[in-house]
Amino acid sequence: MCRADDPVVDASSWVAMARRLAADGALPEAVAAYERAVRSFDRPGRDAGGSTGPAVRVRLFGAFELRIDGVPVGSAGLRPQHHALLQALCVHAGRAVPDTRLGEWFWPDAEPGRVRHRVAVGVSALRSMLTAAGGPSLIRDRDGYRLVLAHDGTDVRRFDQLAADARGGRREGRTERLEAAFAAYGGTLLPGAGEAAWVVEERDRVRARASWVAAELADAFARAGRPRDVVRVTRTALRWDRCQDRLWRRLVAALTDLAEPAAAAAARREYTAMLDDLGVVAWPAAGRRLHSA
């Protein structure tokens, strides 16, 4: 079997390896293999290895983790607000976040004259921690602060790049590009942050993009006559967001194609319950749309 450090492997081999890794639960390695498959379409016949990438990696899907040169960076010495400030700057890495926005997020009750001071104190604490760990940089940018990371320094930015590549790339290899983006989405963005204002909008944006990727991938598998893969993708994506009509219809159709009436009926009931919760069209009308499609 090929390995992630093999110098030259064709796209189909990378995809096959990625699927095996994903099935074994090795999602980071699966994402890396999918990325190699995508690069092999972009640069056929060339080394798919490329550079090793930046030393700084930030995990935002599912939990927060900052690694520098592969070593986790602890933030136990930070105040809770400063730890949340670090997460917010990582979520918006590469973009300047204005002082006023940071103040609204973390010090909403502070007097206007004190907000900028509190932001500066928090940034100073983060700079000290990051400098001691070897990076990344946190710089002043216009009227705010920007965390400087490589273009793929966070898992969210890697996912965004892969999703954009799938949307705008050539038709050749599009299914593999969609698979790479699908595998790169690691679930809810910082669920531990709850409904904090600094994370909700970005969380919803990324989840919506992941649902689009899943629906496009399910459609591609359906066209290719691969209902098992349709079921795999749609069931996974509906755990992210159960209010996706397009995914439910694809799931029911795939289970019907597989001659699994009990499973199809169960999915249909779940779909109907979701529609009832939303107060929208009941299953019979949705079923007619599906049948006509």
Side-chain angles (χ1 to χ4, degrees), residues 14-38 59-63 154-167 173-192 202-258 260 262-275 277-278 286 290:
W14 282 121
V15 170
M17 182 178 71
R19 288 173 180 160
R20 288 193 293 270
L21 290 167
D24 292 340
L27 293 182
E29 293 81 1
V31 171
Y34 277 125
E35 289 176 332
R36 296 292 180 85
V38 169
R59 176 188 176 192
L60 298 168
F61 287 133
T154 75
D155 52 3
V156 171
R157 292 174 76 179
R158 293 175 71 200
F159 165 74
D160 276 336
Q161 290 159 18
L162 290 166
D165 194 36
R167 182 186 290 273
R174 186 169 186 267
T175 299
E176 287 75 16
R177 295 170 195 271
L178 287 166
E179 284 191 88
F182 179 77
Y185 181 71
T188 302
L189 178 65
L190 293 177
E202 187 71 358
R203 181 187 290 158
D204 290 344
R205 180 194 69 80
V206 176
R207 181 186 289 132
R209 176 168 281 195
S211 294
W212 174 85
V213 166
E216 291 289 308
L217 183 57
D219 287 351
F221 283 147
R223 288 192 297 270
R226 296 166 58 179
R228 290 287 178 197
D229 284 320
V230 174
V231 171
R232 169 178 61 85
V233 168
T234 53
R235 285 201 185 282
T236 298
L238 286 168
R239 288 196 292 269
W240 305 337
D241 184 356
R242 65 186 291 265
C243 300
Q244 293 294 325
D245 181 82
R246 182 178 173 189
L247 292 172
W248 281 112
R249 287 185 282 119
R250 271 296 180 202
L251 173 60
V252 173
L255 290 170
T256 302
D257 289 344
L258 289 167
E260 297 183 9
R268 199 175 286 117
R269 286 193 296 271
E270 291 183 70
Y271 180 28
T272 302
M274 182 275 292
L275 293 174
D277 289 343
L278 296 177
L290 177 63

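Residue numbers run from 1 in the order of the sequence given.
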Using every non-hydrogen atom in the two residues, find where [X] and [Y] come nearest and quote the distance to one decimal.
X: P227; Y: L258; result: CG-CD2, 3.5 Å
X: P191; Y: A63; result: CD-N, 4.3 Å
X: A166; Y: L178; result: CB-CD2, 3.6 Å
X: A163; Y: V213; result: CB-CG2, 3.9 Å

Roughly how far apart are [X] [atom1] and [Y] [atom2], rounded to 0.5 Å?
X: T236; Y: R232; atom1: OG1; atom2: CZ; answer: 7.0 Å
X: R228; Y: L255; atom1: CZ; atom2: CG; answer: 8.5 Å
X: E202; Y: L60; atom1: CD; atom2: CG; answer: 9.0 Å
X: T272; Y: M274; atom1: OG1; atom2: CE; answer: 9.0 Å
X: C243; Y: L278; atom1: SG; atom2: CG; answer: 4.5 Å

State whether [X] and [Y] are salt-bridged, where the test is any N-O pair (Lys NZ or Arg NE/NH1/NH2 against Asp/Glu carboxylate O) under 4.0 Å.
X: D155; Y: R59; value: no
X: D204; Y: R207; value: yes
X: R246; Y: E216; value: yes

Determine, stepwise, if the pair R205 / D160 fulfils side-chain contact (heavy atoms from CB on, under 4.5 Å). CA-CA 10 Å; R205 180 194 69 80; D160 276 336; 2.8 Å; yes
If we only count heavy atoms from C-beta on, is the [X] to [Y] side-chain gap below 4.5 Å?
X: F159; Y: R209; answer: yes
X: T234; Y: W248; answer: no
X: R242; Y: L247; answer: no

Checking D257 now: which residues fulfil side-chain hydrogen bond (donor to acceptor under 3.5 Å, both in side chains) with it, not counting sequence neighbours?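 Per chain and number, D257 pairs via side-chain hydrogen bond (donor to acceptor under 3.5 Å, both in side chains) with no residue.
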Please answer whether the main-chain N or O of L189 pairs with a side-chain N or O of R203 as donor and acceptor at a distance below 3.5 Å.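 Pair found, side chain donor or acceptor close to backbone of L189.
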Verdict with reasoning, E179 to L217, per side-chain contact (heavy atoms from CB on, under 4.5 Å): CA-CA 7 Å; E179 284 191 88; L217 183 57; 3.7 Å; yes
Would you say the ring centroid of F61 lies under 6.0 angstrom from that of W240?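 Not close enough - the centres of the two rings lie 6.0 Å or further apart.
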Among V231, V230, L238, which residue satisfies the side chain to side chain contact (heavy atoms under 4.5 Å, CB included) criterion with R250?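 Testing each of V231, V230, L238 against R250, the sole residue satisfying side chain to side chain contact (heavy atoms under 4.5 Å, CB included) is V230.
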Can L162 and F182 be said to form a side-chain contact (heavy atoms from CB on, under 4.5 Å), step by step? CA-CA 9 Å; L162 290 166; F182 179 77; over 6 Å; no
Any chance you could lay out the side-chain contact (heavy atoms from CB on, under 4.5 Å) test for R223 and D219, step after step, and finish with the verdict? CA-CA 6 Å; R223 288 192 297 270; D219 287 351; 3.7 Å; yes
